[in-house]
Amino acid sequence: MSFGKSLRQYRENMNITQLEAAYQLDLVPNTYSNYERCKRPIPIELLPKIKKAFNIPDEQFLDMLLNQSHHRKKLPVDKLAIQTKELRERYMISFGESYFDLISNTQELRQLLGFLNNLDDKKRRLCLNAIKSILVIYSDLADELVTE
(Lines give C-alpha, C1' and ligand atoms only; values in the text may rest on other atoms or scores of the structure.)
Protein backbone atom coordinates (compact mmCIF):
# COMPACT_ATOMS: atom_id res chain seq x y z
CA MET A 1 0.00 0.00 0.00
CA SER A 2 1.36 3.46 -0.88
CA PHE A 3 2.11 6.07 1.76
CA GLY A 4 -0.89 8.17 0.67
CA LYS A 5 -3.27 5.25 1.09
CA SER A 6 -1.67 4.29 4.41
CA LEU A 7 -2.08 7.89 5.55
CA ARG A 8 -5.74 7.84 4.58
CA GLN A 9 -6.31 4.60 6.47
CA TYR A 10 -4.54 5.98 9.54
CA ARG A 11 -6.53 9.24 9.38
CA GLU A 12 -9.82 7.38 9.09
CA ASN A 13 -8.89 5.09 12.01
CA MET A 14 -8.20 8.19 14.08
CA ASN A 15 -11.59 9.64 13.08
CA ILE A 16 -9.94 12.73 11.56
CA THR A 17 -11.67 14.33 8.59
CA GLN A 18 -9.74 15.27 5.46
CA LEU A 19 -10.61 18.91 6.10
CA GLU A 20 -9.26 18.74 9.65
CA ALA A 21 -6.11 17.03 8.38
CA ALA A 22 -5.60 19.70 5.72
CA TYR A 23 -5.97 22.49 8.29
CA GLN A 24 -3.58 20.73 10.68
CA LEU A 25 -0.97 20.61 7.93
CA ASP A 26 -1.71 24.11 6.62
CA LEU A 27 -2.71 22.72 3.23
CA VAL A 28 -5.49 23.39 0.78
CA PRO A 29 -8.03 20.57 1.28
CA ASN A 30 -7.85 19.51 -2.39
CA THR A 31 -4.08 19.21 -2.16
CA TYR A 32 -4.32 16.99 0.89
CA SER A 33 -6.97 14.86 -0.83
CA ASN A 34 -4.69 14.44 -3.84
CA TYR A 35 -1.89 13.24 -1.55
CA GLU A 36 -4.11 10.56 -0.05
CA ARG A 37 -5.38 9.47 -3.46
CA CYS A 38 -1.79 9.33 -4.75
CA LYS A 39 -2.68 11.85 -7.46
CA ARG A 40 0.14 14.10 -6.27
CA PRO A 41 3.45 13.16 -4.63
CA ILE A 42 3.86 14.18 -0.99
CA PRO A 43 6.81 16.57 -0.60
CA ILE A 44 9.50 15.04 1.61
CA GLU A 45 9.62 18.15 3.80
CA LEU A 46 5.95 17.59 4.68
CA LEU A 47 6.56 14.12 6.14
CA PRO A 48 7.81 15.26 9.59
CA LYS A 49 4.85 17.63 9.84
CA ILE A 50 2.44 14.77 9.03
CA LYS A 51 4.04 12.53 11.66
CA LYS A 52 3.86 15.25 14.30
CA ALA A 53 0.37 16.54 13.42
CA PHE A 54 -1.20 13.08 13.60
CA ASN A 55 1.04 11.90 16.43
CA ILE A 56 1.98 8.75 14.47
CA PRO A 57 4.24 6.37 16.42
CA ASP A 58 7.76 6.02 14.97
CA GLU A 59 7.48 2.34 14.09
CA GLN A 60 4.11 2.76 12.40
CA PHE A 61 5.29 5.82 10.47
CA LEU A 62 8.34 3.93 9.24
CA ASP A 63 6.10 1.05 8.14
CA MET A 64 3.91 3.51 6.27
CA LEU A 65 6.93 5.06 4.54
CA LEU A 66 8.49 1.74 3.65
CA ASN A 67 5.21 0.11 2.70
CA GLN A 68 5.92 -2.72 5.13
CA SER A 69 2.75 -2.96 7.17
CA HIS A 70 1.97 -6.33 5.63
CA HIS A 71 5.21 -7.80 7.03
CA ARG A 72 4.21 -7.25 10.64
CA LYS A 73 2.39 -9.78 12.75
CA LYS A 74 -1.31 -8.97 12.88
CA LEU A 75 -2.63 -7.89 16.27
CA PRO A 76 -5.73 -9.52 17.75
CA VAL A 77 -8.85 -7.40 17.28
CA ASP A 78 -9.15 -6.49 20.97
CA LYS A 79 -5.51 -5.31 21.16
CA LEU A 80 -5.88 -3.41 17.89
CA ALA A 81 -8.98 -1.65 19.28
CA ILE A 82 -7.09 -0.66 22.44
CA GLN A 83 -4.13 0.58 20.39
CA THR A 84 -6.41 2.60 18.13
CA LYS A 85 -8.17 4.12 21.16
CA GLU A 86 -4.82 5.08 22.69
CA LEU A 87 -3.65 6.64 19.42
CA ARG A 88 -6.88 8.64 19.15
CA GLU A 89 -6.48 9.88 22.72
CA ARG A 90 -2.87 10.92 22.05
CA TYR A 91 -3.98 12.73 18.91
CA MET A 92 -6.74 14.59 20.74
CA ILE A 93 -4.36 15.62 23.53
CA SER A 94 -1.85 16.84 20.95
CA PHE A 95 -4.64 18.64 19.07
CA GLY A 96 -5.81 20.37 22.25
CA GLU A 97 -2.28 21.39 23.17
CA SER A 98 -1.64 22.85 19.72
CA TYR A 99 -4.71 25.12 20.02
CA PHE A 100 -4.47 25.89 23.73
CA ASP A 101 -2.95 29.36 23.24
CA LEU A 102 -5.55 30.30 20.64
CA ILE A 103 -8.40 29.24 22.91
CA SER A 104 -6.97 30.80 26.06
CA ASN A 105 -6.22 34.12 24.33
CA THR A 106 -9.47 34.48 22.40
CA GLN A 107 -12.51 35.33 24.50
CA GLU A 108 -14.90 35.02 21.54
CA LEU A 109 -13.72 31.50 20.80
CA ARG A 110 -14.17 30.45 24.44
CA GLN A 111 -17.68 31.93 24.40
CA LEU A 112 -18.48 30.08 21.18
CA LEU A 113 -17.21 26.80 22.63
CA GLY A 114 -19.29 27.35 25.77
CA PHE A 115 -22.37 28.05 23.64
CA LEU A 116 -21.78 24.94 21.50
CA ASN A 117 -21.21 22.81 24.59
CA ASN A 118 -24.71 23.66 25.86
CA LEU A 119 -26.44 22.53 22.65
CA ASP A 120 -27.69 19.02 22.01
CA ASP A 121 -25.84 17.09 19.29
CA LYS A 122 -28.32 17.89 16.51
CA LYS A 123 -28.37 21.63 17.19
CA ARG A 124 -24.57 21.67 17.62
CA ARG A 125 -24.09 20.06 14.20
CA LEU A 126 -26.53 22.50 12.57
CA CYS A 127 -24.75 25.44 14.16
CA LEU A 128 -21.30 24.19 13.18
CA ASN A 129 -22.40 23.51 9.60
CA ALA A 130 -23.79 27.05 9.41
CA ILE A 131 -20.48 28.44 10.70
CA LYS A 132 -18.58 26.33 8.14
CA SER A 133 -20.78 27.72 5.35
CA ILE A 134 -20.12 31.26 6.51
CA LEU A 135 -16.38 30.57 6.60
CA VAL A 136 -16.44 29.21 3.04
CA ILE A 137 -18.25 32.35 1.84
CA TYR A 138 -15.88 34.58 3.81
CA SER A 139 -12.85 32.71 2.44
CA ASP A 140 -14.13 33.13 -1.13
CA LEU A 141 -14.71 36.86 -0.56
CA ALA A 142 -11.29 37.28 1.03
CA ASP A 143 -9.67 35.55 -1.95
CA GLU A 144 -11.50 37.90 -4.34
CA LEU A 145 -10.39 40.97 -2.38
CA VAL A 146 -6.76 39.85 -2.44
CA THR A 147 -6.75 39.23 -6.20
CA GLU A 148 -8.34 42.61 -7.05
Side-chain angles (χ1 to χ4, degrees), residues 1-38 40-69 72 74-143 146:
M1 180 183 314
S2 69
F3 181 77
K5 290 181 181 180
S6 294
L7 180 61
R8 177 180 179 210
Q9 185 177 24
Y10 183 85
R11 176 188 58 77
E12 288 175 346
N13 286 341
M14 294 297 101
N15 201 26
I16 302 168
T17 66
Q18 271 194 345
L19 191 60
E20 181 182 348
Y23 287 150
Q24 282 278 22
L25 298 169
D26 197 26
L27 296 172
V28 175
N30 286 341
T31 300
Y32 180 81
S33 176
N34 285 332
Y35 291 155
E36 281 192 357
R37 294 182 298 131
C38 303
R40 187 172 183 177
I42 299 173
I44 197 157
E45 60 271 7
L46 185 60
L47 294 176
K49 195 172 182 179
I50 290 171
K51 183 186 179 312
K52 183 178 179 189
F54 299 145
N55 207 1
I56 304 172
D58 293 340
E59 189 174 303
Q60 188 170 0
F61 192 69
L62 186 58
D63 284 348
M64 291 166 68
L65 287 171
L66 298 176
N67 194 18
Q68 292 184 344
S69 60
R72 298 232 179 252
K74 299 266 183 192
L75 289 175
V77 175
D78 58 336
K79 288 188 179 183
L80 186 60
I82 291 169
Q83 183 182 42
T84 301
K85 182 180 180 219
E86 289 172 354
L87 288 172
R88 282 183 185 162
E89 288 172 358
R90 283 197 328 208
Y91 170 75
M92 291 311 297
I93 289 168
S94 171
F95 181 87
E97 289 172 350
S98 65
Y99 289 103
F100 178 79
D101 287 340
L102 176 65
I103 294 167
S104 64
N105 294 323
T106 311
Q107 179 182 5
E108 296 85 357
L109 186 53
R110 290 193 313 272
Q111 290 171 345
L112 177 61
L113 290 172
F115 171 77
L116 292 170
N117 188 52
N118 290 321
L119 297 176
D120 63 47
D121 285 341
K122 184 177 180 182
K123 288 180 182 176
R124 184 180 307 122
R125 286 194 182 278
L126 286 170
C127 187
L128 288 171
N129 283 327
I131 291 170
K132 279 175 43 178
S133 297
I134 291 168
L135 291 174
V136 167
I137 293 167
Y138 176 76
S139 174
D140 291 345
L141 289 175
D143 290 343
V146 170

> Verify, without hydrogens or angle tests, whether R88 (side chain) and N13 (backbone) share a donor-acceptor contact under 3.5 angstrom.
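Looks like yes, one N/O pair under 3.5 Å.
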> Looking at Y10, Y35, F61, which one forms a ring pair (Phe, Tyr, Trp, His ring centres under 6.0 Å) with F3?
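Exactly one candidate clears the test, F61.
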> Considering residues, nucleotides and ligands other than D26, do more than 12 of their heavy atoms fall under 6.0 Å from its CG?
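For D26, atom CG is not crowded (no more than 12 foreign heavy atoms under 6.0 Å).
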> With distance as the sole test, does N117 use its side chain to make a donor-acceptor pair with the main-chain N or O of L113 at under 3.5 Å?
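It does not hold such a pair.
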> Count the heavy atoms of every other residue, nucleotide or ligand shown that sit under 6.0 Å from CZ of R124, and state whether that count exceeds 12.
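Above 12, so yes.
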> Give, for atom CD of E12 and atom CD of E36, the distance between the pair rounded to the nearest 0.5 Å.
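The CD atom of E12 sits 7.0 Å away from the CD atom of E36.
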> Working to the nearest 0.5 angstrom, can you tell me the gap between L7 CG and K5 NZ?
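Here the rounded value is 13.0 Å.
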> What do you reckon, is CZ of R8 surrounded by more than 12 foreign heavy atoms closer than 6.0 Å?
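Incorrect, the count does not exceed 12.
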> Where the side chain of T106 meets the backbone of L102, is there a donor-acceptor pair that is under 3.5 Å apart?
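Yes, T106 side chain to L102 backbone: donor-acceptor pair under 3.5 Å.
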> CD1 of I131 to CG of L116: how many Å apart, nearest 0.5 Å?
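These two atoms lie 5.5 Å from each other.
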> Taking atom NZ as the centre, does K123 end up with more than 12 heavy-atom neighbours from other residues, nucleotides or ligands that are less than 6.0 angstrom away?
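At most 12 heavy atoms, drawn from other residues, nucleotides or ligands, come within 6.0 Å of this atom.
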> Going from CZ on F115 to CG on L112, what distance comes out if it is rounded to the nearest 0.5 angstrom?
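If I round to the nearest 0.5 Å, the distance is 8.0 Å.
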> Considering non-hydrogen atoms only, spot the tightest contact between N118 and G114 and give its length.
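Where N118 meets G114 most closely, the heavy atoms are ND2-O, 3.2 Å.
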> Determine the interplanar angle of the F54 and Y32 rings, folded into 0 to 90°, and report it as parallel if under 30°, tilted if 30 to 60°, perpendicular if over 60°.
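Ring orientation, 0 to 90° scale: perpendicular.
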> Just how far is it from atom CD1 of I42 to atom CG of L65, taken to the nearest 0.5 Å?
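Spacing of CD1 (I42) from CG (L65) equals 9.0 Å.
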> For residues L119 and C127, report the shortest heavy-atom separation together with the two atoms involved.
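So the two residues come closest at CD1-CB, 4.2 Å.
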> When rounded to the nearest 0.5 angstrom, what distance separates CD1 in I93 from OG in S98?
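Those atoms lie 12.0 Å apart.
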> Is the count of non-hydrogen atoms from other residues, nucleotides or ligands lying under 6.0 Å from Y99 atom OH greater than 12?
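Yes.
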> Ignoring hydrogens, what is the shortest heavy-atom contact between S104 and D101? Give both atom names and the distance.
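Of all heavy-atom pairs spanning S104 and D101, the closest is OG-O, 3.2 Å.
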> For the residue pair P57 and K51, what are the closest heavy atoms and their distance?
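Closest heavy-atom pair between P57 and K51: C-NZ, 4.4 Å.
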> Restricting to non-hydrogen atoms, name the atom on L25 and the atom on A53 that form the minimum distance, rounded to 0.1 Å.
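Closest approach of L25 to A53, heavy atoms only: CD2-CB, 3.7 Å.
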> Show your reasoning for whether side-chain contact (heavy atoms from CB on, under 4.5 Å) applies to Q60 and L87.
CA-CA 11 Å; Q60 188 170 0; L87 288 172; 3.7 Å; yes
> Donor-acceptor check, side chain of N55 to backbone of R90, threshold 3.5 angstrom: yes or no?
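Checked: pair present.
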> Do you know the tightest heavy-atom contact between S2 and N67?
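Closest approach of S2 to N67, heavy atoms only: N-OD1, 4.3 Å.
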